[in-house]
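Data block below; observations after.
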There are 4 protein chains.
Amino acid sequence: MTENVAPFPVSDDQDTQDEQPKDTGGIGGQRLMSFIERIERLEEEKTALMEDLKEVYAEAKGVGFDVKTMRKVVALRKMDTEKRRETEELLDLYKSAIGMM
Amino acid sequence: MTENVAPFPVSDDQDTQDEQPKDTGGIGGQRLMSFIERIERLEEEKTALMEDLKEVYAEAKGVGFDVKTMRKVVALRKMDTEKRRETEELLDLYKSAIGMM
Amino acid sequence: MTENVAPFPVSDDQDTQDEQPKDTGGIGGQRLMSFIERIERLEEEKTALMEDLKEVYAEAKGVGFDVKTMRKVVALRKMDTEKRRETEELLDLYKSAIGMM
Amino acid sequence: MTENVAPFPVSDDQDTQDEQPKDTGGIGGQRLMSFIERIERLEEEKTALMEDLKEVYAEAKGVGFDVKTMRKVVALRKMDTEKRRETEELLDLYKSAIGMM
DNA sequence: ACCGTGGTTAGCTTTC
DNA sequence: GAAAGCTAACCACGGT
């Protein structure tokens, strides 16, 4: 119990002197901001990729393909891939279970 | 009506001789596959980014931050950004609505 | 695995004698229809509300307001409301995260 | 051209004396607020209905029905209804076209 | 370990 | 036909 649920890490080596200029909002503030910024950077990239995807679909549509159908195709292929992967995992599981690995 | 519902573009300059070796399923098949592959590549990258995000959150959690709270903070910061953008758009909208643009 | 994917509840005390008069299509049929009808009633009401909304916008337009701008205003007000709500939730979250609740 | 695109109606009988106490932001402000409030009221009701719907689905799920399948059923029934309605509209059209109404 | 909840993402509808 | 807003499906997380 008494788990670590704090919204900020409670450093044991807590500053006994607040020497840091421009502490961004107290305990762990800088470290938190660092994480937040990494996250926001990744989300930006993700957003960019989503826009790229939309563009590809738009281009395909522009040359006459039906977008809705294409999405279906992609979804089906994804399902196939996952199915296959799971099947292979199961196979590995069996093999290791009988000492074949 | 008369919509374009075909899952492939119906080229007018359709090959009269099917000279292509390995035609991937007929009319437009190769072009379609090219799009599909571009899409799948982008989706892979997106998935990778999402995994990176999870890792960052996990790392933050590992040093004591509360993930749920962090997500909330990120969401609120995003809302701020969007709010600002939309407010500016609204201003433009007002301006165009009253003929100031 | 072994999920509940049946479109109807599989009663364990399954009828050993099919004595029900007018069973609407098998096991649980009547109960299902009851749910469906409740749902359809609610959706009707929803549709009616959406029509009312369109009418209000149309009336506003009729007296000279710009609908697009109005929608934007409504959306921004909604964002404000949500922002406030979420901010309060975040506060609670912080409090619970640091054990203040 | 020069249509009515203003975000507010430009009354010709515009108040020459601003006698109204608490005018909500100038020209047409009160009238606009009235519309906005009607809209927000309707949207609240809509939201409430959507919550009711979720509850019904939840209840159905609670007794063992598969929600996704139920949604499909509802959607299909709706399609039927619309199909029928359109067919009837077409019939009316024919009838009026040949002077039967 | 599973279920239920909440949040995110994708698809569809409607508008312009 | 394109863009936006809304709705429904999906997924990851925490609780039991």
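This is a predicted model, so every value here is computed, not measured. By convention in this document, chain letters (A, B, ...) are assigned in the order of the sequence lines, proteins followed by strands, and residues within each chain are numbered from 1.
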Under the side-chain hydrogen bond (donor to acceptor under 3.5 Å, both in side chains) test, which residues partner D/Glu89, sequence neighbours left out?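 Expected list: D/Arg85.
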
With sequence neighbours left out, write down each residue that passes side-chain hydrogen bond (donor to acceptor under 3.5 Å, both in side chains) with B/Arg84, or none if nothing qualifies.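 Expected list: none.
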
Could you tell me whether A/Glu45 and A/Arg41 have a side-chain N and a carboxylate O separated by less than 4.0 Å?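 Between A/Arg41 and A/Glu45 there is a salt bridge, with a charged N closer than 4.0 Å to a carboxylate O.
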
Strictly under 4.0 angstrom, non-hydrogen atoms only: write out the protein contact profile of nucleotides 9-16 of chain F, one letter per nucleotide from the 5' end, B, S or -. SS-SSS--

Quick one: [X] [atom1] to [N] [atom2], roughly how many Å, whole number?
X	N	atom1	atom2	answer
B/Glu43	E/dG11	CD	C1'	13 Å
B/Arg85	F/dA4	CZ	C1'	11 Å
D/Asp66	E/dC3	CG	P	13 Å
D/Met70	F/dA8	CE	P	14 Å
C/Glu86	E/dT8	CD	C1'	13 Å
C/Lys46	E/dT14	NZ	P	11 Å
A/Glu55	F/dA3	CD	P	11 Å
A/Ile39	E/dG7	CD1	P	16 Å

Using residues 48-59 of chain C as the side-chain source, report each donor-acceptor pair under 3.5 Å to any protein atom, sequence neighbours left out, with the distance given to one decimal.
{"unit_1": "C/Glu59", "atom_1": "OE1", "unit_2": "D/Arg38", "atom_2": "NH1", "d": "3.2"}
{"unit_1": "C/Glu59", "atom_1": "OE1", "unit_2": "D/Arg38", "atom_2": "NH2", "d": "3.1"}

What side-chain donor-acceptor pairs closer than 3.5 Å can you find for residues 70-78 of chain D, not counting sequence neighbours?
{"unit_1": "D/Arg77", "atom_1": "NE", "unit_2": "C/Glu40", "atom_2": "OE2", "d": "2.6"}
{"unit_1": "D/Arg77", "atom_1": "NH2", "unit_2": "C/Glu40", "atom_2": "OE1", "d": "3.0"}

For B/Tyr94, ring-ring contact (aromatic ring centres under 6.0 Å, His included) partners two or more places apart: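 Expected list: none.
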
